[in-house]
Enquirer: 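One structure coming up, written as C-alpha cells, with questions to follow.
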Amino acid sequence: MDKLAMGGYGVYVWSCFGLTLAIVIVNEWRARHRHRIELRDIEVRIKAMEARQ
Amino acid sequence: MTVGNVTTPGLIAGLLGTAQRDLLLVWKRPGDVLNPLFFFAMVCTLFPLAVGPSVEQLEFAGPGVLWVAALLAMLLSLNSLFLSDFEDGSLEQLLLSPQPLVLLALGKTFAHWLTSGLPLVILSPLLAVAFRMPGETIGVLMATLALGTISLSLLGSVGAALTVGLHRGTALLSLLTLPLAMPVLIFGARTVSLAASGDLYSMGIYALAAYAVGALSLAPFATAAALRISNE
Amino acid sequence: MWTFFHKLASPPHFYRLAKTLIPWFAVPGYLLLVYGTYAGLFLAPPDYQQGDAFRIIYVHVPAAYLSMMAYMILAVAGGIGLIWRMKLAHAVAASAAPIGASFTFLALATGSIWGRPMWGTWWEWTDPRLMSELILLFLYFGYMALRGAIDDTAKADKASAVLALVGAVNVPIIHFSVEWWSSLHQGPTLVREGGPAMDTAMLYPLLAMIFGFTFVFGAMLLRRIRTEVLHRERRTRWVKDLVLAD
C-alpha cells in the first residue's frame with residue numbers, strides 16, 4: 001500500500017499513467033472500430049449495387 | 001540565365017509585372033490596404049481599454065501589443081491575396097503563363113508586403129508613441145516589423161495559396177498560419193522589449209533577418225506548388 | 001530493388017503485408033510497455049530531488065518523443081507522396097496525424113500534471129519544451145483541419161503534404177525561438193539535460209518505454225493505414241473480392 005502512495009505524489013503519478021492507458025486504449029479501439037465500419041460500408045455498397053442489377 | 005524560353009530580363013519583367021498589376025488593383029480599391037491598417041490601430045487601442053491606462057503597464061505591454069496587432073492585421077489582409085484572382089479566373093492565366101510560377105508568386109507576395117507590411121511599419125511609430133515608447137526603441141520596433149512582415153507575407157502566401165477557394169478558408173488560413181508565425185512574433189516582440197529595457201537585442205534582429213532570408217528562398221516554391229494544387 | 005518498392009507500394013500487397021506485420025509490432029511493444037511500467041513504477045529507485053514524482057518521466061518522455069517522430073513521418077511521407085506520386089505514402093501521412101496529435105496531447109497533459117508538484121503550477125510558461133509541444137499540437141490541428149476541409153482526396157493529400165513540409169522546416173526554428181524566449185527568464189525544466197547520469201535502474205525502464213511505445217505506435221499506424229488503403233481503394237476490384245470473400 002505504501003508503494004502505491006508514491007511518497008505523496010500518488011495522485012499525479014497515477015493520473016499520468018491512467019491517462020496514458022486511456023489514450024492507448026482509445027487509439028487501439030478507434031483504429032479497430034474504423035476498420036470495421038469501413039468494411040461494413042463497402043459491403044453495403046456492393047450489395048446495393050448488385051441489387052440494382 | 002534562361003528558364004524554358006524566357007530570358008533574364010523577361011523573368012524580372014514577369015515578377016515586376018505581376019507586382020505592378022496587383023499594386024494597380026489595390027490603387028483602385030484602397031479599402032484592401034486601409035482596412036487592415038484601421039484594424040491594427042483599433043486592436044492597439046483595445047489593449048489599454050482592457051488592461052487600464054496606467055503608464056507603467058502600457059510601457060511594459062507596448063512591444064507585445066503592437067506586435068500581436070501587426071500579426072493579426074497581416075493575417076486579415078492575407079485572405080484577399082489570391083482570392084479575387086481565383087474568382088475571376090486570372091489565377092489560371094498565371095498558371096498557364098510561360099513565366100516560372102515561383103517568380104509570379106514572389107511578385108504577388110512582394111505586392112502584398114508593399115500594400116500591407118510596409119504601411120504597418122510606417123504607421124507603427126504613431127502607435128508606439130502612444131504606448132510611451134522612447135525614440136530609439138521605436139527605431140528597433142520599425143526594424144523588427146519591417147523584417148518580420150516580410151517573413152509573415154511569405155509564410156502567409158503559402159497558407160493563402162493552400163486555402164484559396166475553400167469554404168470557410170479564412171478561419172482555416174489563421175489556423176494554419178498562426179503556429180508557423182510564432183517564431184517571428186517571439187523574435188519581433190522580445191527584441192523590442194529587450195531594446196526597451198536597455199538590454200542587448202542584436203541577436204533578435206539577426207534571427208529575424210535570417211528567418212526572412214530563409215523564407216524568401218523557400219516560401220515562393222511552396223506557394224507555387226500550393227497554387228498548382230489548389231487549381232487542380 | 002525498385003520492383004521491391006513497387007510491390008511494397010501496391011495497395012493489395014501492402015494491405016496483406018500490414019496484417020502480418022501488426023502482431024510483430026504489437027506483441028513486443030506491449031510486452032516492453034508492461035515491463036517498463038512495472039519497473040518504472042516499482043523497481044526504479046526514487047529520484048534524489050523529485051522523489052516518486054519523477055516516475056512520470058516514463059510516460060512523458062516517450063509521448064513527447066512520439067509526438068515529434070509522428071510529425072516527421074507525416075512530413076517525410078508527404079514529401080515522398082509529392083515527389084514520387086506514391087499514393088501509399090499519402091495514406092501513411094493521413095494515418096499518422098491523429099495518432100501523433102493524441103500523443104502530443106498526452107505529452108502536454110503529463111507535463112502539466114508533473115509540473116503541478118514540481119513548480120506548484122499546472123502551466124509553467126518558462127518551460128520551453130511544454131511550449132514547443134503546445135505549438136506542435138496547433139500544427140497537428142492545422143494539418144488535420146486542412147485535410148478535413150478539402151473533399152477531393154488527391155487534392156487534400158498534396159495540399160496537406162505541402163503544409164507538413166513547411167511545418168517540418170519550421171519545427172526546429174520554433175524550438176529554437178521558444179528556447180531563446182524562455183532563456184530570458186531563468187526557469188526550471190522537468191527533464192534536466194547534461195545533469196548527473198541516470199542510474200541504470202532508472203534508465204532501463206525508460207528505454208523499455210521508449211522502444212515499447214515506438215513499436216505500439218507502429219502497430220497503430222499499420223492498422224490505420226490498412227483502413228485508409230481500404231477506403232481509398234473502395235471502388236477497385238480487389239477490395240470487392242476481399243469483402244465478398246469474408
Enquirer: Given that the side chain runs from C-beta out, which part of C:Leu244 has a heavy atom under 4.5 Å from chain A: side chain, backbone, both or neither?
Expert: side chain

Enquirer: Set out, in order, the CA-CA distance, both residues' side-chain angles and the distance that settles side chain to side chain contact (heavy atoms under 4.5 Å, CB included) for A:Arg30 and C:Met220, then state yes or no.
Expert: CA-CA 10 Å; A:Arg30 280 283 298 170; C:Met220 288 171 179; over 6 Å; no

Enquirer: Write down the atom of A:Val13, the atom of C:Ala53, and the distance for their closest heavy-atom approach.
Expert: CG2-CA, 4.1 Å

Enquirer: Decide yes or no for C:Leu41 and A:Trp14: does some side-chain heavy atom of the first lie under 4.5 Å from some side-chain heavy atom of the second?
Expert: yes

Enquirer: Counting heavy-atom pairs under 4.5 Å to chain A, which of C:His231, C:Arg55, C:Arg224 comes out on top?
Expert: C:His231

Enquirer: Which bit of A:Val24 is near chain C, if near means a heavy-atom gap under 4.5 Å: side chain, backbone, both or neither?
Expert: both

Enquirer: Against chain C, label A:Leu39 side chain, backbone, both or neither, depending on which of its atoms sit under 4.5 Å from a heavy atom there.
Expert: both

Enquirer: Check each atom of C:Phe105 against the heavy atoms of chain A and say whether the ones under 4.5 Å are side chain, backbone, both or neither.
Expert: side chain

Enquirer: Below 4.5 Å, heavy atoms only, C-beta onward: do A:Val11 and C:Arg116 meet side chain to side chain?
Expert: no

Enquirer: Taking C-beta and beyond as the side chain, do A:Asp41 and C:Arg234 meet within less than 4.5 Å on heavy atoms?
Expert: no

Enquirer: What distance separates A:Glu38 CD from C:Arg232 CZ, expressed to the nearest 0.5 Å?
Expert: 11.0 Å

Enquirer: Going from CZ on C:Phe103 to OG1 on A:Thr20, what distance comes out if it is rounded to the nearest 0.5 angstrom?
Expert: 8.5 Å

Enquirer: Run the numbers on A:Tyr9 and C:Phe54 for side chain to side chain contact (heavy atoms under 4.5 Å, CB included), then give the verdict.
Expert: CA-CA 9 Å; A:Tyr9 295 121; C:Phe54 102 98; over 6 Å; no

Enquirer: If we only count heavy atoms from C-beta on, is the C:Tyr30 to A:Glu28 side-chain gap below 4.5 Å?
Expert: yes

Enquirer: Do the rings of A:His35 and C:Tyr15 sit parallel, tilted or perpendicular, given the 30° and 60° boundaries?
Expert: parallel

Enquirer: Is it the case that more than 12 heavy atoms not belonging to C:Phe42 sit under 6.0 Å from its CZ atom?
Expert: yes

Enquirer: Give the member of A:Ser15, A:Ala22, A:Ala31 that has the highest number of heavy-atom pairs under 4.5 Å with chain C.
Expert: A:Ala31

Enquirer: Is A:Arg45 in contact with chain C via its backbone, its side chain, both, or neither, using a 4.5 Å heavy-atom distance?
Expert: side chain

Enquirer: Measuring from C:Phe217:CZ to A:Asn27:CG, what's the distance to the nearest 0.5 Å?
Expert: 9.5 Å

Enquirer: Tell me whether the count of non-hydrogen atoms from other residues, nucleotides or ligands lying under 6.0 Å of CZ in C:Arg147 goes above 12.
Expert: yes

Enquirer: Would you say that more than 12 heavy atoms from the other residues, nucleotides or ligands in this model lie under 6.0 Å from the CH2 of C:Trp123, or not?
Expert: yes

Enquirer: Give the minimum heavy-atom separation between C:Ser102 and A:Ile23, together with the two atoms involved.
Expert: O-CD1, 3.7 Å

Enquirer: For C:Thr110 and A:Phe17: C-alpha separation, side-chain torsions, deciding distance, then whether side chain to side chain contact (heavy atoms under 4.5 Å, CB included) applies.
Expert: CA-CA 9 Å; C:Thr110 52; A:Phe17 278 79; over 6 Å; no

Enquirer: Between CD1 of C:Ile113 and CG of A:Leu19, what distance do you get to the nearest 0.5 Å?
Expert: 5.5 Å

